[in-house]
Structure formats: structure tokens, C-alpha cells
Amino acid sequence: MKPKIAVHKFASCDGCQLAFLNAGEDLLTLAGMVDIIHFTEAGPIDEETEVDIAFVEGSITTPADCNRIQRIRKNSRYLLTIGACATAGGLQALRNFANAKEWVASVYAAPEYIQSLATSTPIREHVKVDLELWGCPVSAKQVLRAVHDLLFGVTPKVELDKVCMECKRQRHVCVMVSKNIPCMGPVTRTGCGAICPQVGRGCYACFGPAENSNTGAMGVWLQGLGLMPEAIAKRFLFINSEAPEFRAAGTQWKSK
Amino acid sequence: MLARVEGEGALELSIKDGKIEKLHLRIFEPPRLFEKLLEGRPYTDVIDIVARICGICPVAYQMSAAHAIDSIFGVNVNPWVRTMRRLMYCGEWIESHALHIHLLAAPDYFGFENVVAMAKQYPDEVRRGLLLQSLGNRLLRLLGGRSVHPVGVCVGGFYSAPSVDAVKTLLKEFKQALPMAEQLVRWTAAFNLPDDQQLFTSVALCHPHEYPMNEGRIVSSSGLDIAINEYQNYFTETHVPHSTALYSHFNGQPYLVGPLARLNLNLGKLPSGVRQLITESGIAFPSNNMFHSVIARAVEIYYAFVESIRIMEQYTLPAASCMDFSPKAGVGYGCTEAPRGILWHRYELDEKGDVVKATIIPPTSQNQARIEQDLQTSLMSFGLDHGDDELRLRCETVIRNYDPCISCATHFLKLRVDRS
């Protein structure tokens, strides 16, 4: 029997699912190797059948989604989060630092119609997650490799290195050292391919914190480049603001 | 739940005495409150933030925002930047339209559940579509490093210019694929599409010299012709209980944005070769058959290939890939043609260039009232006495035809039919 997989969506932009939908020929190959049980955007809808691997995109932002993720966990043998929203609450988690009720009231004329939680939270805060793939968007290569590994019974390897390592391997000139451009590469997980330094701009930390990130030294370095504490806080409190390391560093700079 | 759309939604239908009593397209995509989280962020973050509204059309969001902020800072971009923005938009149209035609729409017209099932019987057509889609993505990577949430665009232009060699390599592949894009138009024109003539108002950008992407005036098939900053004087957004997306109306009426509206209003702006292909395909545009949207998408893919080839053939390195400017306070507007239709932005910035207020009106919320109107009309002409499954399939086909991006607007199709 072929392994069963599911792709679930919560609050998100649908961009991480494109790791599958943009895969071209690989999508057809994958479809030959597994049974796709649930993947709304691609067609199949069935949240109730038990699956071997579930991919979860998006963060939890509504009371209904709090319940749905519990059901999905129960029906899934192995659960992976794909992307910044599912893994760290996403950009929309910036509401966690604000008065979300006021935000809803100012966007919607009739806020009483909107069922939304005050927070946007990562999946791990609700259920056990077996593997987290970071990135906004997640790297399609990483997702497909993880699927391949899991299908062959291997625990997928996740990237832990910093963007700086990848940047050096690609022989880019450091934008921070050579041009004084604020770059989050020293504290950010690699996986993107160091594309920002490649085009001559600083990394904006869309892959979340790397292993053993020295966020303290990073903040001081940014200060040395002339950034005000509030601007430094915004470098940490951006796409992965619910990642504990970034949350702590950002909150600290915010209070200075 | 409605499958093969981006985002989450459902349809509620009440039928009483053979008539539709209530028809509600419920959108329950959880709100992410982008307009609020933009407040207080520096202008440099705006381009990267708004991209995250939609993974399928991030470039449209980046472009509308870049134009709006350029106008506040008084930036006049050089011809290189203007042309590269157009080239990047071509990449997004190709990627988004090819994904829609093959993965989301075509299975409806061939009676398959999804593209994987369809690929077994139509492997060549599906593979052709996936190849075209991947070339759109390649173009996005050329200018933005990656296809989802690309990193190349900034206020005033691009962080860097791609090398001449990289452009040459891709140009060669685009030239090889051009005949496939042509076959795609002929293929979609031969689809067995329902003949469903409807009255609707088309709204799109219009530019004096080119098929619209980044610039133009907002025009309608009913004679409207306004500057983009006048949009809110003519179009209104309202909030209804059954949806987290807002509804837009023009003069109190639903209207259509997107490829069919664009093609209906801008046929004359297409190069003669593209017009010739439309004529040969035997479909008369302008068309009032909503189902011709899928053909309009194919035509736009072909056009985007022709346009990309033209641009890449003339490619040279610029003196500067980004204009110099200094931030200023002010209000600016951006309106560009996202794959799904006009995407309108308004920003108010302070003197440092931080966002004071942002308003974003995506194409799907503009089409939402029109989708409900279309469903009313098409279900009546289809016949309400069909079984629930047949009704659901027809409703899904009608809705998918708009390529609704519900993540943008704030999935589908759980159909609840109440017959009394």
C-alpha cells in the first residue's frame, strides 16, 4: 500500500504549498509514490482519513482552527510544519504585540462578524510537531527532500547553519562588512541560498533563528551601524516574531 | 470546502419553490490584518511585507506598493527599471495563469477530480503546462532570487541587475517554449466550455501604448475613465456577515476584474501576432461568456512570452538598477494588473518614510459580488432541479473560473443546499 499524505492549510498566503504545486514533473512523480488524501488547493479533500505524513502550512488564529489542528494531529502519524506561519506564527503574529481587537475593529466595519483570536500562534503551541521546516517561503528543495527521506524511512536532516555560512560558500562579498548594510545573516538559519546578500541587500531573517544564534551580539552590531533600538527591535520582530530567540531579543530592544 | 482554489470558502444556497432564495459565498479565510501590521513599519519593509499577502501573486503586491511609494518620494524610474518591472510581471502572469489553467481549472472541463488524474490521460498537455509554469517561475527567480516572495524589488527599482549571460540563457528557453504557449491558446479555445452569456461590467487598467500591467488609468466597459487615485470616489467596499473578505461595488453594482475584463478592454493594445492567434482560435473577443476567462488566461500567457522575449532580446546592463531618492511624508497610490485583476494600494507615510496608514484592495474582493451574481444567473440557466452533486460541480466550476485567491481577499466548496 502506498503511504498516505495530506497538506493542510491554516492562516497563510498559500506560498509554502507551492513547494508542491510548483514542483512540475516532481509533483507527478510524487503523486505516483503516495496517495494524496487531503490537499485542498490541488483537489482532494478528506480531513478525516488517517494519513502517514501530514504537512501543515499556516498559523492558528481562530477558535475553529484550534480544534481542527487537534483532529489533524490525531489522524496523522508524522506531522511536519512547513514555513514561517506554521513554525513561528508568521508575519501575522505581529498582532501578538498589539491590541488585536482594535486591529480587527479598524479593518472591518462590522468586527462582530469576525471570529478571530487575539493571537497568531505556531502549530507546536497546540500539538506535538515531529519536524519543523522553516522559511518564508519554505525551500521547495527541502520539502521534497524531507518527503523523499520519510518515504525511505530516514529522519530528514534540517538546516541549522547560519546564512553567513552559505553566503561564504557562494563567495559573496559580505554586505555588512563591505557596505555597512544591516544584515540578519549571522543569526538566521540558512536554506534560502543566501539570495539577499546575492542581490546586494541584507538578510531579513525570513528563515528564522539558526542554531545557537547570538542575538545579543547581533543587536549590538546593528546599533554600531547606526540603527535606533526601535529599528533593531523591528529586525527581530518581523516574519518569525514568535521564534523564542527573536521574540526575546526584539522585546528587549523594544523596551530600551 | 471548495477544492482547487487558493484559500478557504464555502457556498450556502437556499432554494424555495424553484427559486434561489439565498446564495452566500462564505469566505472563512482567517484575517491576517496586513493593513494594521504595516503601520509603523519603514517603507523598506513594505515591499517584503505585502508580498506575504499572497504566495501566488507576490509580485503584484510588490509592484503596486513600489509604484505608490515611488510616487510619494517623487521617484521617476529610468527606462531600465520600468522595463524590468514589466518583465517580472510577465513572469508572474505566466506562473499564476499556467498554475490556474492546468492544476485548478482544466480538470473541470475534462471531467477529472484533479490534475494528477488528468495527467494519466493527457500527459503531454499537463507536462506542457507545468513547463510553461516553471518558465514563469524562472523569470521570477532571474529578477527576484526566488519565485515565492522574491527579494529583488525595492522602492525605486531593483537591488541588482541580472547578468547578460543569465538573461541570454533564459531567452533561449523562452524562444523554444513560445510554440507551446501558442498551442496552449489553441488547446483552451477547443475546450468544451458552457455557452453562458451574461451582462457584466469589465474594469481594468488601460495604457495608451501597451497592454496594461504596471501603469494606466482605470477604465470600465460602461465608459468610466479615471486616474488611479480617484478609485475610492467610484468604488465602495462593504462588509457582510458571511465573509472575511470585503465586497466591492462600482456604482452600487458588481463588476469584473481579471484576464477577461483586461482582454475585453485592451484587445487593441495586443501586438498583431497575438490578435491573429486569437482570430485563428475562433473565439470572438470582447466576450460576454465568463467561461472564456480560461482562454483569456492562455492568451495572456502567450502575450507574456512574446513580451518577455522582446524585452530580453534588448537587454543591457543599466547604469543604475535603482534610483536615488530621499524619504518624504505624503500619500501615494499604486494600481497594477495582478493576474486576477486590478490590485489597488494607498499608503500614507510620515517624513521618515514609515507607514501611517495603508489600504489594500485585492482583486478577489472586487470580484466577490460578481461571483455571487454569476452563480445566481448560471444556476438558474443550468437548472436548480439537478442533484446536489451536479449543482456543486457547476458552482465550483463557476467560482474557480474567477481564479479566486481567497488568501488574498483576506477554500472551498462546502456546499450547503437547503431545499424547501
Side-chain angles (χ1 to χ4, degrees), chain A residues 9-19 21-22 24-25 27-28 31-32 36 39-45 58 61-62 64-65 90-92 94-95 98 100 102-104 106-110 113-116 120 136-137 139-140 192-193 195-196 198-201 204 206 231 234 238-239, chain B residues 1-8 28-37 41-42 45 48-49 52-56 58 95 99 103-104 107 113-116 119 126-127 130-131 133-134 137 144-149 151-152 154 158-160 238-244 246 405 407 411-412:
Chain A
K9 174 196 154 68
F10 290 86
S12 68
C13 76
D14 292 33
C16 289
Q17 298 174 46
L18 290 177
L21 298 178
N22 271 340
E25 198 66 30
L27 175 65
L28 300 180
I36 302 173
F39 188 173
T40 312
E41 193 167 333
I45 297 180
T61 61
T62 66
D65 282 351
L91 193 49
Q92 61 270 24
L94 287 174
R95 74 166 75 162
E102 262 175 40
W103 280 22
V104 171
S106 72
V107 173
Y108 292 98
Y113 301 155
I114 302 295
Q115 296 231 316
S116 182
S120 164
C136 182
S139 136
C192 60
I195 50 178
C196 284
Q198 190 184 343
V199 299
R201 65 180 293 194
Y204 58 94
C206 68
K234 283 184 181 138
F238 196 19
I239 291 170
Chain B
M1 303 266 275
L2 178 63
R4 304 203 319 267
V5 300
E6 300 128 20
E8 303 224 6
F28 43 86
E29 179 75 16
R32 289 178 292 153
L33 309 170
F34 271 86
E35 290 159 323
K36 292 304 289 183
L37 63 86
R41 302 294 304 200
D45 286 354
D48 298 317
I49 291 177
R52 269 71 187 183
I53 295 174
C54 177
I56 294 132
E95 161 266 325
L99 181 127
L103 274 68
L104 313 183
E113 288 276 319
N114 55 57
V115 69
V116 174
V126 169
R127 288 203 159 85
L130 294 173
L131 180 84
Q133 185 189 347
S134 74
N137 284 322
R146 63 185 170 199
S147 62
V148 181
H149 309 330
V151 302
C154 56
F158 290 82
Y159 285 100
S160 67
T238 49
H239 187 193
V240 298
H242 60 268
S243 175
T244 55
L246 300 173
C405 176
S407 305
H411 260 152
F412 270 28

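What you are looking at is a predicted structure, and each value in this text was computed from that prediction instead of being measured. Letters A, B, ... are given to chains in the order of the sequence lines, protein chains preceding strands, and every chain is numbered from 1.
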Run the salt bridge (Lys or Arg N to Asp or Glu O under 4.0 Å) test against A:Glu25 and tell me which residues pass, sequence neighbours left out. B:Arg127
Nearest heavy-atom contact between B:Arg146 and A:Ile195 is CD-CD1, 3.5 Å
A:Arg201 side chain near B:Asp48 side chain, heavy-atom distance below 4.5 Å: yes
Proximity breakdown for A:Tyr204 and chain B, heavy-atom pairs closer than 4.5 Å: side chain
Pick from B:Leu130, B:Val116, B:Val126 with the largest number of heavy-atom pairs that fall under 4.5 Å of chain A: B:Leu130
Side chain, backbone, both or neither: which part of B:Leu131 has a non-hydrogen atom closer than 4.5 Å to chain A? neither
Pick from A:Pro137, A:Gly15, A:Ala31 with the largest number of heavy-atom pairs that fall under 4.5 Å of chain B: A:Pro137
Name the region of A:Leu28, side chain, backbone, both or neither, that has any atom closer than 4.5 Å to a heavy atom of chain B. side chain
With a 4.5 angstrom heavy-atom cut-off, is it the side chain or the backbone of A:Leu91 that approaches chain B, or both, or neither? both
Side chain, backbone, both or neither: which part of B:Phe34 has a non-hydrogen atom closer than 4.5 Å to chain A? side chain
Can you tell which of A:Ala19, A:Ala98, A:Cys136 has the highest number of heavy-atom pairs within less than 4.5 Å of chain B? A:Cys136
Non-neighbouring partners of A:Asn22 that pass side chain to side chain donor-acceptor pair (under 3.5 Å), sequence neighbours left out: B:Gln133, B:Asn137
Considering non-hydrogen atoms only, spot the tightest contact between A:Cys13 and B:Arg52 and give its length. CB-O, 3.0 Å
Counting only heavy atoms closer than 4.5 Å, note whether A:Thr61 contacts chain B via side chain, backbone, both or neither. side chain
Can you check whether A:Lys234 reaches B:Pro42 side chain to side chain, under 4.5 Å on heavy atoms? yes
